[in-house]
Undergrad: 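This is the structure I want to talk about, given as structure tokens.
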Amino acid sequence: MSRTISSTVHPIQRCMAASNPSAWWDGLVVAADGATVTVALLNGTTVELLIVGPCVDIAVGEPMAYHPVAELLSASAILTTARAV
């Protein structure tokens with residue numbers, strides 16, 4: 001699968017995520033409006049994320065992964081910067 005990396009992703013973010021792969025949180029998108037997404041994490045919590053990069057077409061029900069330390073969101077074949085609100 002081809003992955004598009006947003007221009008907002010800094011190389012240090014990618015290094016942080018690669019060096020700490022166990023920090024990714026998996027979940028499903030429960031709400032999305034283009035600028036923010038609400039994610040139901042597999043650990044039972046919910047987090048709202050502000051997408052900093054270009055608007056990503058993320059659909060409700062789509063699986064995603066979030067790296068809270070590197071502030072990266074991986075969904076819809078794209079890797080972009082996202083911050084917890």
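Here the structure is a predicted model, which means the values were calculated and not measured.
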Undergrad: What are the two closest non-hydrogen atoms of Pro63 and Leu28, and how far apart are they?
TA: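 Nearest pair, atom of Pro63 first, then Leu28: CA-CD2, 3.7 Å.
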
Undergrad: Under the side-chain hydrogen bond (donor to acceptor under 3.5 Å, both in side chains) test, which residues partner Arg14, sequence neighbours left out?
TA: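 Arg14 satisfies side-chain hydrogen bond (donor to acceptor under 3.5 Å, both in side chains) with no other residue.
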
Undergrad: What distance do Leu79 atom CG and Leu73 atom CG have between them, rounded to the nearest 0.5 Å?
TA: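 So the CG of Leu79 and the CG of Leu73 are separated by 8.0 Å.
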
Undergrad: With a 4.5 Å heavy-atom cut-off, do Trp24 and Pro68 have their side chains touching?
TA: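 The answer is no; the side chains never approach within 4.5 Å.
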
Undergrad: Return each pair, listed once, that meets salt bridge (Lys or Arg N to Asp or Glu O under 4.0 Å) where at least one residue sits in residues 36-46; pairs must be two or more places apart or across chains.
TA: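 For residues 36-46, and leaving out neighbouring residues, there are no salt bridge (Lys or Arg N to Asp or Glu O under 4.0 Å) pairs at all.
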
Undergrad: What residue pairs, at least two apart or across chains, pass salt bridge (Lys or Arg N to Asp or Glu O under 4.0 Å) with a residue in residues 40-51?
TA: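 Qualifying pairs, neighbours excluded: none.
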
Undergrad: When rounded to the nearest 0.5 angstrom, what is the spacing between OG1 in Thr8 and CG in Leu72?
TA: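 The distance works out to 8.5 Å.
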
Undergrad: Output the distance between atom CH2 (Trp25) and atom CG (Leu49), rounded to the nearest 0.5 Å.
TA: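 CG of Leu49 is found 9.0 Å from CH2 of Trp25.
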
Undergrad: Taking the side chain as every heavy atom from C-beta outward, state whether Thr46 and Thr38 have any atom pair closer than 4.5 Å.
TA: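 Yes, at least one pair of side-chain atoms sits under 4.5 Å.
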
Undergrad: Using a side-chain heavy atom cutoff under 4.5 Å and only I, L, V, M, F, W and Y, what cluster partners does Val30 have?
TA: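 Direct or chained contacts put Val30 with none.
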
Undergrad: Taking salt bridge (Lys or Arg N to Asp or Glu O under 4.0 Å) as the cut-off, I'd like each qualifying pair that reaches into residues 66-85, sequence neighbours left out, listed once.
TA: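 Salt bridge (Lys or Arg N to Asp or Glu O under 4.0 Å) check on residues 66-85 returns Glu71-Arg83.
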
Undergrad: Run the side-chain contact (heavy atoms from CB on, under 4.5 Å) check on Gln13 and Thr81 step by step: do they pass?
TA: CA-CA 9 Å; Gln13 288 175 285; Thr81 301; 3.5 Å; yes

Undergrad: For Thr36, what residues pass the side-chain hydrogen bond (donor to acceptor under 3.5 Å, both in side chains) criterion, not counting sequence neighbours?
TA: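 Checked Thr36 against side-chain hydrogen bond (donor to acceptor under 3.5 Å, both in side chains); matches are Asp33.
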
Undergrad: Can you spot which of Ile51, Val85, Val47 makes a side-chain contact (heavy atoms from CB on, under 4.5 Å) with Val37?
TA: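 So the option named by the test is Ile51.
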
Undergrad: Does Thr45 have any side-chain contact (heavy atoms from CB on, under 4.5 Å) partners at least two apart in sequence or in another chain, and if so, which?
TA: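 Only Leu41, Asn43 meet the side-chain contact (heavy atoms from CB on, under 4.5 Å) criterion with Thr45.
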
Undergrad: Does any pair with a residue in residues 60-70 pass side-chain hydrogen bond (donor to acceptor under 3.5 Å, both in side chains), and if so which ones, sequence neighbours excluded?
TA: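 Output for this query is empty, none listed.
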
